[in-house]
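Below: the structure, in structure tokens.
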Amino acid sequence: MNKTIFVVCNAFCILTACSGEDSDIEQKPEYTTPSYATPEPNSIASKIHFTDITSESGIVFTHETGAFEKKWMPETMGSGGGFLDYDNDGLPDILLVNSTFWAGHERNSHRPTSRLYRNLGAGRFRDVSHEAGLDVSIYGMGCTSADYDADGDIDIYLTAVGDNRLLRNDNGTFKDVTQRAGVTGNSSIPGDPPAWSTSAAWLDVDRDGWLDLFVCNYVKWTPETDLFTTLDGKNKSYATPEQYQGQTCRLYRNVNANRFEDITKKAGVYNPAGKSLGVAVADFNDDGWPDIVVANDTQPNFLYLNTGEGAFTDIALKAGVGYDEYGRARAGMGIDVADLWNDGNLTIGIGNFSREPLSLYTQIGTELFQDLAGRARLTKPSIIPLTFGLLFVDLNLDGYQDLIVGNGHIEPEINSVQQEITFAQKPQIFKNLGNGQFADASANAGPTFSEPIVARGVAAGDIDDDGDPDLLITTNGGPPKLLRNDLSPTHAHWLKFRFIGNAPNLDAVGAKVTVWTGEFKQKKMIRTGSSYLSQSDFRELIFGLGSHKQADSLQIRWPTSGKVDSFGPAPSGQTYLVQETPPRLVIADSSRH
């Protein structure tokens, strides 16, 4: 009887955002009610518009949850995807992660697999999963990609319920090298269940040039330990993470691309209380060493500051990013980091559960943050949706990074007990006004932002090489959305950069790039990860210049050596190659695609 009461009470957390909030949840701090005038809608939204080209693009995919009326917890959490140039033709291809049937509950002989779509140009894609060796069937969750073995092509890491997969790219064909590399994501303690991994990211934690791997793990769940939870006291609902023990994230050090060493404990990131769903990489103290921030579900977030040579200290609590302003841990999902106001201060954005607004932790000191979501006018429009994917990207190329979020609940029956909350929810776009505030631009951004879906991952990449970022939104149990950015070329100017770093970090992952246009300064970092279970195209950095027709100068701090090179000026409307040794800036050869 006691166990039943416990589980039912925790199921109630689905209604209260799993954070112990009381019936006063609608009451918000005074600062969330703005005293300034709201901008006119046309002035904030007219330049952001997307067209759904999924059906005509050649992408035919439906995420398989494997659900068979038992409502097992992982079924509602996937899946992710993203952009990567697997064949080195200069155009971002699309990876869509799939789950599969549960053992003993197969519905046909053909098991679902993840899919890889090659970019043919002009908004068209072809399914190359089989010929590329990517039609592997696992209960997949997310992905991250990078050239970990320094052979010039992009490799893939798939996270899953159970063993993850490291797929090495050998000239366009992928080979499973997980076991030899030692990166399953699992605990080495006898008797521990297989890991449930979620988001992941490649980064060079010790700056030896070889890319290391950080893997988020969620909770200790298996079909045998699945618990009964309920919304109405009778019927089973999908569980929330309070009922399960957490699992520590894993950090794997790359040992000359032949194998990986689990340095989770040695590096100071071992924390079995974590229930991690999202990870982002940044350099918060500008010391040249990559730091890691992790979004946890109903547990305090992690902010791992790199103390040098790949050792970390969690400063989340003293930095003010572990809890919300009430001292409560939110149910964090997707995460991203950006210099939103072009003032050199980084902001950590986190998507949270229904009745928990977006978090917008902004630096007010080197190692001190304040949640400015209310001041940025994001609290009210984000209080009802359950946000998974979250991404900062300059959608209209005005030089300020906007915000796109993918929303969708975990419980299909939520509307029967909470009439204002639905399972499918509309994705949202918030335009950065450049003054510390955002404005909801969803209504004029295209039909996709008026149609409820069960969104999960969000990723960006320039699929048609026209200089503006296009979007991919993945869904749970449904098809993805491939959205073409229809920004008019007369509205803004742009630059794109690709980087050639010294071996073994050939793509210069971790490099910090600064672009000056007059008094206007933008900073970005070449990095993997971010969002939720997904990854954007990191091989190209896009800088919007607004009405300016050139960047005055470009500065890059290379990740391994710390050497700083400066170039410029650079006329807009071009894609440039930036090389570390010898240092040079040249216009990319457009004939490659």
Show the nearest heavy-atom pair for residues [X] and [Y], with the distance to one decimal.
| X | Y | value |
| --- | --- | --- |
| Asp468 | Ile542 | C-CD1, 4.5 Å |
| Phe392 | Gln401 | O-OE1, 3.3 Å |
| Asp565 | Glu580 | OD2-O, 4.0 Å |

Quiz prompt | Full working for ring pair (Phe, Tyr, Trp, His ring centres under 6.0 Å) between Phe214 and Tyr157 | solution = CA-CA 11 Å; Phe214 186 91; Tyr157 188 74; over 10 Å; no
Which pairs of donor and acceptor atoms, one on a side chain in residues 266-274, lie under 3.5 Å apart (sequence neighbours left out)?
{"unit_1": "Lys266", "atom_1": "NZ", "unit_2": "Glu261", "atom_2": "OE2", "d": "2.9"}
{"unit_1": "Asn271", "atom_1": "OD1", "unit_2": "Ala273", "atom_2": "N", "d": "3.1"}

May I ask you to decide whether [X] forms a salt bridge with [Y], counting only side-chain N to carboxylate O separations under 4.0 Å?
| X | Y | answer |
| --- | --- | --- |
| Lys496 | Asp465 | yes |
| Arg253 | Asp204 | no |
| Asp394 | Lys524 | no |
| Glu131 | Arg118 | no |
| Arg250 | Asp262 | yes |
| Arg168 | Asp176 | no |

Quiz item: Are Phe520 and Phe543 close enough that their ring centres sit under 6.0 Å apart?
Solution: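 Centroid distance Phe520-Phe543: not below 6.0 Å, so no.
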Self-check item: Pair Phe369 and Phe284, ring centroids less than 6.0 Å apart
Solution: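 When the ring centroids of Phe369 and Phe284 are compared, they turn out to be within the sub-6.0 Å range.
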Quiz prompt | From Thr528 atom OG1 to Ile526 atom CD1, the distance as rounded to the nearest 0.5 Å | solution = 11.5 Å
Quiz item: Hey, what do you get for CZ (Arg539) to CZ (Arg498), rounding to the nearest 0.5 Å?
Solution: 9.5 Å
Exercise. Please determine if Arg115 forms a cation-pi arrangement with Phe61, meaning its NZ or CZ atom is less than 6.0 Å from the six-membered ring centre and no more than 45° off the ring axis.
Key: no
Quiz item: Between Asp163 and Asn186, does any side-chain donor sit less than 3.5 Å from a side-chain acceptor?
Solution: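 A pair is found: one side chain offers a donor N or O, the other an acceptor, under 3.5 Å apart.
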Quiz prompt | Donor + acceptor pair across side chains of Ser530, Asp336 (<3.5 Å) | solution = yes
Quiz item: Would you call the rings of Tyr148 and Trp202 parallel, tilted or perpendicular if under 30° counts as parallel and over 60° as perpendicular?
Solution: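 It falls in the parallel class, under 30°.
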Quiz item: Counting only N and O atoms by type, is there a donor-acceptor contact under 3.5 Å from the side chain of Gln535 to the main-chain atoms of Gly529?
Solution: yes
